Amino acid sequence: MSHSLATHPDRLLPADPGTRSIARSLLERVQDLPIISPHGHVDAAVIEQNTPFPDPAALLVTPDHYVTRLIHASGVPLAQLQPGVGARNIWRSFCEAWPLFDGTASGYWLRTQFESVFGWQGELSAETADASFDAISAKLAEPGFRPRELFKDFNIEVLATTDDPLDSLDSHRALAADPSFHGRVVPTFRPDAYINIAHPAWTANVERLIAEASDGGSGYQGYLTALENRRRYFVDHGAVSADHGVRTPATLKLDQAEAEALFNKARSGQATSLDREVFEAHMMYQMGRMSVEDGLVMTIHPGSFRNHHQPTFEAFGADTGHDIPVATNYTEAVRPLLQDFGTAKDFHLVLFTLDETVFSRELAPLAGFYPSVYIGAPWWFLDAPDAMLRFRSAITETAGFSRSSGFIDDTRAFCSIPARHDASRRIEVSFLARLVAEHRISEDRAHELIVDVVDSSPRRVFKL
């Protein structure tokens, strides 16, 4: 029987026949386990309201900076990929560029989606652009092709969203109270725009935060109280984690007077760039303190130089494909936080990176000592098959299997979630199969480990 690339049962498995046979057995053990997605960016309202998906271009091309950045790199202006030029025209540009995605993680996920989710089995090309657009559009129009139905079809058990600290969380509340919805959609506290003084809306955000959530407090203490109150509000609505997207993972403990002086200086518009860095590092320390107190898992996503190309940012805004990874220092950066909370009972700190050189040099050794530290799964530019294999190889000899977070899909693209998790599972069984073939672990133990890596780890690390 012939198989397409998207449905071949041995996709991403080892080429060596003996090792592949072991991997197949391991994959069978976890292939049908439910999806646990403890960090992502799908809008809860889309699921709560069961909103129909838009046209193929609006669903799969224009919002996906993985896709648009590579098409742009080939010489296609981003203006040709904007909603104003028409969905079918955007789709044609995408289909013409489809060969560019050979070998990329995006190409793998998209190919899997086209066949497994949308039922399109042909190749994409300039010649098939209209036919594929029409076929996928017809699928999107089907009554059963709605977010809630797909949530069930995808076998998602838990899906975490990413939410503003002052969000009402009405959609989360409605889903939790709906007896017809059997999944779990949990919010995530994301305070970046309230902590990073350089954020253009920081002052307005802080004023609103204090006004709405400080219990009548004011100034720096009112600010801290308001953050604590909103975190508790998130916990009451099912949140399990607080996420922090920062340039660097720096942490710093200031005394009350120093922190208050910096806060007041920032509110008056007089903070320097150094002041901003110091204040954000201090607030990361405060976020750790709050996590120890309220139990929210603290996750840190650092290392991206945002909006690298200013003309593109001015024309098209943020998240349009020109964020570039930078080197990251973790060992010194998180030491102030770990000095006080690294051994605190039930504190969980999940550290992600875009700099894979720190996996073996810093993150595995940190997680191999501190009971609070877990190694975040390969993220963003590293959530690709070969990079995921490098990650597992880099961390395991120092930290074993128990100190990693489980897979994180980190996606806004709801329809790509099963493809991403399937890819991760195939990479994990490939790594374990090699250890079995090399007589480094037993096959029985590998069967235990793969269940732990795929299912138990995310539940344990994110307190699910």
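Since the structure is predicted, the reported quantities are computational estimates derived from the model, not experimental observations.
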Query raised in the report: Is the shortest side-chain N to carboxylate O distance from Lys152 to Glu157 below 4.0 Å?
Result: no
**Report entry** Donor-acceptor pair, side chain of Thr353 and main chain of Glu356, under 3.5 angstrom
**Finding:** no
Query raised in the report: Between Arg148 (side chain) and Ile47 (backbone), is there a donor-acceptor pair under 3.5 Å?
Result: yes
Query raised in the report: Which of parallel (below 30°), tilted (30 to 60°) and perpendicular (above 60°) describes His308 and Phe305?
Result: perpendicular
**Report entry** Side-chain ion pair, Asp163 and Arg230, N-O less than 4.0 Å
**Finding:** no
Requested in this report: Establish, yes or no, whether a centroid distance under 6.0 Å links the rings of Trp109 and Tyr66.
Outcome: yes
Query raised in the report: To the nearest 0.5 Å, what is the distance between CG (Asp192) and CE (Met283)?
Result: 11.5 Å
Requested in this report: Output all residues satisfying side-chain hydrogen bond (donor to acceptor under 3.5 Å, both in side chains) with Asp130, sequence neighbours left out; order by chain, then residue number.
Outcome: Arg88, Arg92
Query raised in the report: Does NZ belonging to Lys463 count more than 12 external heavy atoms closer than 6.0 Å?
Result: yes
Query raised in the report: Hey, would you say the Tyr233 and Phe189 ring centroids sit under 6.0 Å apart?
Result: no
Query raised in the report: Do Thr320 and His322 have a side chain donor and acceptor closer than 3.5 Å?
Result: yes
Report task. Check the side chains of Glu123 and Ser125 for a donor-acceptor pair under 3.5 angstrom, ignoring hydrogens and angles. Result -> no
Query raised in the report: When the aromatic ring centroids of His237 and Phe234 are compared, is their separation below 6.0 Å?
Result: no
Query raised in the report: Are Phe352 and Ile375 close enough that some pair of their side-chain heavy atoms sits under 4.5 Å apart?
Result: no
**Report entry** Cationic N near anionic O, under 4.0 Å, Arg190 to Asp164
**Finding:** no
Requested in this report: State whether the number of non-hydrogen atoms from other residues, nucleotides or ligands found under 6.0 Å of Asp386 atom CG is greater than 12.
Outcome: no
Query raised in the report: When rounded to the nearest 0.5 angstrom, what is the spacing between NE2 in His244 and CE in Met287?
Result: 6.0 Å
Query raised in the report: Are Thr161 and His172 linked by a side-chain donor-acceptor pair shorter than 3.5 Å?
Result: yes
Query raised in the report: If only atom types and distance count, is the side chain of Asn89 paired as donor or acceptor with the main-chain N or O of Val85 below 3.5 Å?
Result: yes
Query raised in the report: Taking the six-membered ring for Trp, is the centroid-to-centroid distance between Phe101 and Tyr108 below 6.0 Å?
Result: no
Requested in this report: Answer whether the closest heavy-atom distance between the side chains of Leu150 and Cys415 falls below 4.5 Å.
Outcome: yes
**Report entry** Reported CE-to-OG distance for the pair Met298 and Ser372, which is rounded to 0.5 angstrom
**Finding:** 10.5 Å
**Report entry** N/O donor-acceptor pair under 3.5 Å between Asp16 side chain and Thr19 backbone
**Finding:** yes
Query raised in the report: Can you check whether Glu362 reaches Asn329 side chain to side chain, under 4.5 Å on heavy atoms?
Result: yes
Query raised in the report: Is any NZ, NE, NH1 or NH2 atom of the basic residue among Asp410 and Arg420 found under 4.0 Å from an Asp or Glu carboxylate oxygen of the other?
Result: no
Query raised in the report: Can Asp178 and Ser180 be said to form a side chain to side chain donor-acceptor pair (under 3.5 Å), step by step?
Result: CA-CA 5 Å; Asp178 187 345; Ser180 69; 2.6 Å; yes
Requested in this report: Answer yes or no: is there a donor N or O on one side and an acceptor on the other, between the side chain of Arg425 and the main chain of Leu33, under 3.5 Å?
Outcome: yes
Query raised in the report: Is the side chain of Asp323 donor-acceptor paired with the backbone N or O of Asn307 at a distance under 3.5 Å, no angle test?
Result: yes
Query raised in the report: Between OG1 of Thr396 and CD1 of Ile441, what distance do you get to the nearest 0.5 Å?
Result: 9.5 Å
Requested in this report: Evaluate the criterion side chain to side chain donor-acceptor pair (under 3.5 Å) for residue pair Thr128 and Trp120; output intermediate values, then yes/no.
Outcome: CA-CA 11 Å; Thr128 64; Trp120 172 258; 5.4 Å; no
Query raised in the report: With distance as the sole test, does Ser405 use its side chain to make a donor-acceptor pair with the main-chain N or O of Ala377 at under 3.5 Å?
Result: yes
Requested in this report: Check whether the side chains of Asp409 and Thr411 place a donor and an acceptor atom closer than 3.5 Å, and report yes or no.
Outcome: no
Query raised in the report: Would you call Arg173-Asp170 a salt bridge at under 4.0 Å N-O?
Result: yes
**Report entry** Salt bridge flag under 4.0 Å for residues Glu142 and Lys139
**Finding:** yes
**Report entry** Atom CD of Glu397 with >12 non-hydrogen neighbours under 6.0 angstrom
**Finding:** no
Query raised in the report: Heavy atoms, side chains only, cut-off 4.5 Å: are Phe391 and Leu382 in contact?
Result: no
Requested in this report: Evaluate the side-chain proximity of Leu124 to Leu110: yes if any heavy-atom separation is below 4.5 Å, no if none is.
Outcome: no
Query raised in the report: CZ of Arg29: more than 12 outside heavy atoms within 6.0 angstrom?
Result: no
Query raised in the report: With distance as the sole test, does Arg392 use its side chain to make a donor-acceptor pair with the main-chain N or O of Phe431 at under 3.5 Å?
Result: no
Query raised in the report: Looking only at heavy atoms, which two atoms of Ala394 and Phe359 are closest? And how far apart?
Result: CB-CB, 4.0 Å
Query raised in the report: Atom CD1 of Ile300 and atom CG of Asp243: how far apart are they, to the nearest 0.5 Å?
Result: 9.0 Å
Report task. Determine, for Arg111 against Glu115, whether the closest basic-nitrogen to carboxylate-oxygen distance falls under 4.0 angstrom. Result -> no
Query - Tyr374 vs Ser404 side-chain heavy atoms within contact, under 4.5 Å - result: no
Query - Within-4.5 Å side-chain heavy-atom neighbours: Leu78 and Thr68 - result: yes
Query raised in the report: Any sub-3.5 Å donor-acceptor pair from Thr62's side-chain atoms to Pro83's backbone N or O?
Result: no
Report task. Would you mind listing every ring-ring contact (aromatic ring centres under 6.0 Å, His included) that reaches into residues 7-40, with sequence neighbours excluded? Result -> His3-His8, His39-His41, His39-His301
Report task. Could you tell me which non-hydrogen atom of Gly144 sits nearest to which non-hydrogen atom of Glu149, and how far apart they are? Result -> O-CB, 3.1 Å
Query raised in the report: Quick one: CG on Asp236 to CG on Leu169, what's the gap to the nearest 0.5 Å?
Result: 10.0 Å
Requested in this report: Would you please say whether a donor-acceptor pair under 3.5 Å links the side chains of Arg232 and Asn229?
Outcome: yes
**Report entry** Leu159 vs Arg184, side-chain contact (heavy atoms from CB on, under 4.5 Å): CA-CA, chis, key distance, verdict
**Finding:** CA-CA 6 Å; Leu159 179 70; Arg184 185 177 173 190; over 6 Å; no
Query raised in the report: Asp355 side chain to Thr328 main-chain N or O, any donor-acceptor pair under 3.5 Å?
Result: yes
Requested in this report: Find out whether Gln80 and Ile71 are in side-chain contact, i.e. whether some heavy atom of one side chain is under 4.5 Å from a heavy atom of the other.
Outcome: no
Query raised in the report: Would the Phe407 and Trp379 ring centres measure less than 6.0 Å apart?
Result: no
Query raised in the report: Among side-chain atoms of Arg20 and Ser430, is any donor-acceptor pair under 3.5 angstrom?
Result: no
Show the atom names and distances, to 0.1 Å, of all donor-acceptor pairs under 3.5 Å that link a side chain in residues 445-453 to residues at least two apart or in another chain.
{"residue": "Arg445", "atom": "NH1", "partner": "Glu448", "partner atom": "OE1", "Å": "2.9"}
{"residue": "His447", "atom": "NE2", "partner": "Ser25", "partner atom": "OG", "Å": "3.2"}
{"residue": "Asp452", "atom": "OD1", "partner": "Arg460", "partner atom": "NH1", "Å": "3.0"}
{"residue": "Asp452", "atom": "OD2", "partner": "Ser457", "partner atom": "OG", "Å": "3.3"}
{"residue": "Asp452", "atom": "OD2", "partner": "Arg460", "partner atom": "NH2", "Å": "3.2"}

